[in-house]
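Taking it in order: structure first as structure tokens, then the write-up.
None of the values given here were measured: they were computed from a predicted structure. Basis for what follows: all heavy atoms, side chains included, without hydrogens, waters or symmetry-related copies. Numbers restart at 1 for each chain; the letters A, B, ... are given by sequence-line order, proteins then strands.
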Amino acid sequence: MSLRAELEKSVTAWAATHFPGLPAEPWVRPCADERHGHFQTHFAMVAAKAQRLNPRDLAERLAKECPPPEGWEKPTVAGGGFVNYRVGPEAVGRAVDALRQDPNLGIPRVPKPESVVVDFSSPNIAKAMHVGHIRSTLLGDSLARLLTRLGHRVNRVNHLGDWGTQFGKLLLAYRAAGRPPLQPDQAIDQLEEFYKKGHQEAESDPAKMDQARAELAALQDGNPERRKDWRLFCESSAEHFRKIYERLGVRFDSIRGESAYHEDLPKVVQDLLQKQIAEVSQGAVVVRNRTIAEEPYLIRKSDGAFLYATTDLAAIQYRTEELKADRIIYVTDARQQLHFRWLFDTARRAGCRAELEHVWFGTVLGPDRKPLKSRDGTPLKLIDLLNEAKERAGVILKSKRPDLPPEGLEAKAELLGMASLKYADQLPNRNLDYVFTWEKLLAFDGNTAPYILNAYVRTRSILRKSGLAKHPCAPVRVAHPSEERLARLLLRFGDAVELAAADRKPHHLCGYLYDLAGQYHRFFEACPVLQLPALRDSRLTLVGLTGDVLKEGLGLLGIPTLEEM
RNA sequence: GCGCUGUUAGCUCAAUUGGAUAGAGCAUCUGACUUCGGAUCAGAAGGUUAGAGGUUCGAGUCCUCUACGGCGCACCA
């Protein structure tokens, strides 16, 4: 249990006894300013307001009747009714001793594990993944890792766009070209060319548009030749996706595209009509809810075709009934908020009992504050982004480590490039658009992956220097202020992980890891580790624990570590 | 028009969900190296949190209005 949680227990018990009416919030928080203390509670001010009492008097009572755990200083009252607590160095040492023996590093387990589907990434078949997919892919992956770590049963689902109307135009051009074989390493580019060609033709020539529609209808009716072509498109795309996911270290439990729900769609619409949730309007089938919008939600077009809303409804049914999901989390960009409001509302009215959540994020912008594009104005391809990250990391590596043999350089550049990209993408609050620059991404200092990795590497190098095979696990004695700060920060890891998961915002964890890396660097400046025999094992233990927490924290963000920079 | 969302230091972003004197990095300036790895550390400077009201013991955070931006609103996904 963290220091905070220990104190929290005591304060909450006191609050529940004397003020049973008040909500059981977390009342204990770390002080923003250490001069006030290590932890504070503002409970007295809240309770005083509710009961019309004097907040200072109540704070005095709380401080007196609610003593901190063993080894803490006597609490003090300050301001308008804050009670401040300070932990003694021995108590810090004891807490760190408990932490180093905890395989979970202070990360709590949820009392009631849920079966959670995380739906993320979801690229379209026959198109290269682009920069618009990166936030969903990384954020979804991190959320899945966080929820798994807290004890939930997580199902990572890639809901591929493999059944849209774009296939009519693509088939049209592909077949007109004589159904040529696709080159393994250029398949995606070839498919994009065919689509572009088919699209242009269909837009300019109504007869071609009719043909494209006919191609789509043939595919959806199960025409064997079209099916075969479509499967080829899917397989070529899958290979493209696989390479990118491998480099990003992202995996899925289930890759199940829209096509998998094709057969279920008529029944979904029929059910909604039968339950009188949906109605026929102007030949289409729609769902209405004036509290959401005046315009209705379309689930079947007037020509009988289904939409992605219908597919999503079918997917909810599958996930709740077949996968037994208690909760489904969708990770998509902000523009789909209205769609998900409609989707969730409709599913609930139709009897869905699972919790449905839309975790949305903003756009990646270029330096001009417009959505990030490549030089020719098309969306920036993800593969180009990854390659450039690696290349730039390689240039920096060579300049920083000219002594490094060329063999190891490439793998190191790849790791640093991916780590930097992943960290930079997850650092800003997901609800905001963010401005992407290479300078920020691969900077050596500031809140970046290299800075944190550097701290980790130094925990490893000091170990190598010590001649030991692994970090010792000795009782920790905090002797220096920067050492004590490091220890207390380590004890907050569990809180940071919990907050990031509960908020569905991994950037909270980035902030914590940056603080920890910085505090480790300060400790490192101030505290000789190997030179002082009396403190050597204690400090090596602290160093080892710092490394473990940095590694575990980065791991929850999907970022691997390395032993040497 | 309706709805969602945003505006914090010159720039890019934080702020533990209503708590104490709003913090970092970059850029600028000043220091610390024959280093337990300097991809580091110490320090200076930089703010009417877009503006105006309101609620509160307390507001960057909640409410109302205004200005400016991004996005979405029936047959794409």
Would you classify [X] as touching base, sugar-phosphate or nothing, given that sugar-phosphate means primed atoms plus P, OP1 and OP2, and contacts are heavy atoms under 4.0 Å?
| X | result |
| --- | --- |
| Q337(A) | sugar-phosphate |
| L397(A) | base |
| P26(A) | nothing |
| P528(A) | base |
| R341(A) | nothing |
| E294(A) | nothing |
| V435(A) | sugar-phosphate |
| C527(A) | base |
| Y434(A) | sugar-phosphate |
| Y514(A) | sugar-phosphate |

Would you mind reading off the distance between [X] atom [atom1] and [N] atom [atom2], rounded to a whole angstrom?
| X | N | atom1 | atom2 | result |
| --- | --- | --- | --- | --- |
| L404(A) | G37(B) | CG | C1' | 13 Å |
| W360(A) | G3(B) | CH2 | C1' | 13 Å |
| E439(A) | C11(B) | CD | P | 17 Å |
| W438(A) | G25(B) | CH2 | C1' | 19 Å |
| Y520(A) | A39(B) | OH | P | 15 Å |
| D515(A) | U16(B) | CG | C1' | 11 Å |
| Y451(A) | A39(B) | OH | P | 13 Å |
| F340(A) | G3(B) | CZ | C1' | 18 Å |

Using the [atom1] atom on both, measure [N] against [M] and round to a whole Å.
| N | M | atom1 | answer |
| --- | --- | --- | --- |
| A27(B) | G23(B) | P | 22 Å |
| G18(B) | U56(B) | C1' | 9 Å |
| A14(B) | A9(B) | C1' | 13 Å |
| A50(B) | A22(B) | P | 15 Å |
| A39(B) | C26(B) | C1' | 15 Å |
| G6(B) | U61(B) | C1' | 14 Å |
| C29(B) | G19(B) | C1' | 35 Å |
| A44(B) | G60(B) | C1' | 26 Å |

From L416(A) atom CG to I559(A) atom CD1, the distance as rounded to the nearest 0.5 Å: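 Reported value, rounded in 0.5 Å steps: 11.0 Å.
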Euclidean distance, L58(A) CG relative to K49(A) NZ, rounded to 0.5 Å: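 Atom-to-atom, K49(A):NZ and L58(A):CG are 14.0 Å apart.
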Aromatic plane relationship, H339(A) with Y308(A) - under 30° parallel, 30 to 60° tilted, over 60° perpendicular: parallel
N or O in side chain of H521(A) less than 4.0 angstrom from A39(B) OP1/OP2: no
Contiguous pairing runs of three or more, Watson-Crick or G-U under 3.5 Å, that involve RNA chain B: B:1-7 with B:67-73, B:10-13 with B:23-26, B:28-32 with B:40-44, B:50-54 with B:62-66
From the options [options], select the nucleotide whose nearest atom is closest to the side chain of [X].
| X | options | answer |
| --- | --- | --- |
| E525(A) | G19(B), U40(B), C13(B) | U40(B) |
| P30(A) | U40(B), U12(B), U16(B) | U16(B) |
| R522(A) | C41(B), G37(B), A14(B) | C41(B) |

Is there a donor-acceptor contact under 3.5 Å linking the side chains of [X] and [Y]?
| X | Y | result |
| --- | --- | --- |
| Q336(A) | Y330(A) | no |
| H133(A) | S121(A) | no |
| Y423(A) | N447(A) | yes |
| Q282(A) | S302(A) | no |

Would you call [X] and [Y] a salt bridge, taking side-chain N to carboxylate O under 4.0 Å as the test?
| X | Y | value |
| --- | --- | --- |
| K169(A) | E203(A) | yes |
| E279(A) | R288(A) | yes |
| E192(A) | K196(A) | no |
| R4(A) | D495(A) | yes |
| D333(A) | R335(A) | yes |
| R485(A) | E34(A) | yes |

Of all pairs that satisfy side-chain hydrogen bond (donor to acceptor under 3.5 Å, both in side chains), the ones with a partner from residues 522-532 of chain A, not counting sequence neighbours: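 Only Q519(A)-R522(A) qualify under side-chain hydrogen bond (donor to acceptor under 3.5 Å, both in side chains).
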Cation-aromatic face contact K301(A)/F306(A), 6.0 Å, 45 degrees: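 Not satisfied by the 6.0 Å and 45° rule.
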Taking N or O atoms only and anything under 3.5 Å, show me the protein contacts with nucleotides 54-56 of chain B, one pair per line.
unit_1	atom_1	unit_2	atom_2	d
U56(B)	O2'	K49(A)	NZ	2.9

For D264(A), all residues meeting salt bridge (charged side-chain N to carboxylate O under 4.0 Å, His left out), sequence neighbours excluded: none
Contact check, side chains of Y261(A) and V268(A), non-hydrogen atoms, under 4.5 Å: no
Between N or O atoms, less than 3.5 Å apart, protein on one side and nucleotides 20-22 of chain B on the other: list the pairs.
unit_1	atom_1	unit_2	atom_2	d
A20(B)	N6	N84(A)	OD1	2.3
A20(B)	N6	N84(A)	ND2	3.3
A20(B)	N1	N84(A)	ND2	3.1

Residue whose closest nucleotide on RNA chain B lies nearer the 5' end, N454(A) versus L432(A):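 The residue mapped nearer the 5' terminus is L432(A).
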First of L530(A) and K505(A) reached from the 5' end of RNA chain B, by closest nucleotide: K505(A)
Heavy-atom protein contacts under 4.0 Å, nucleotides 70-77 of chain B, coded B base, S sugar-phosphate only, - none: SSSSBBSB
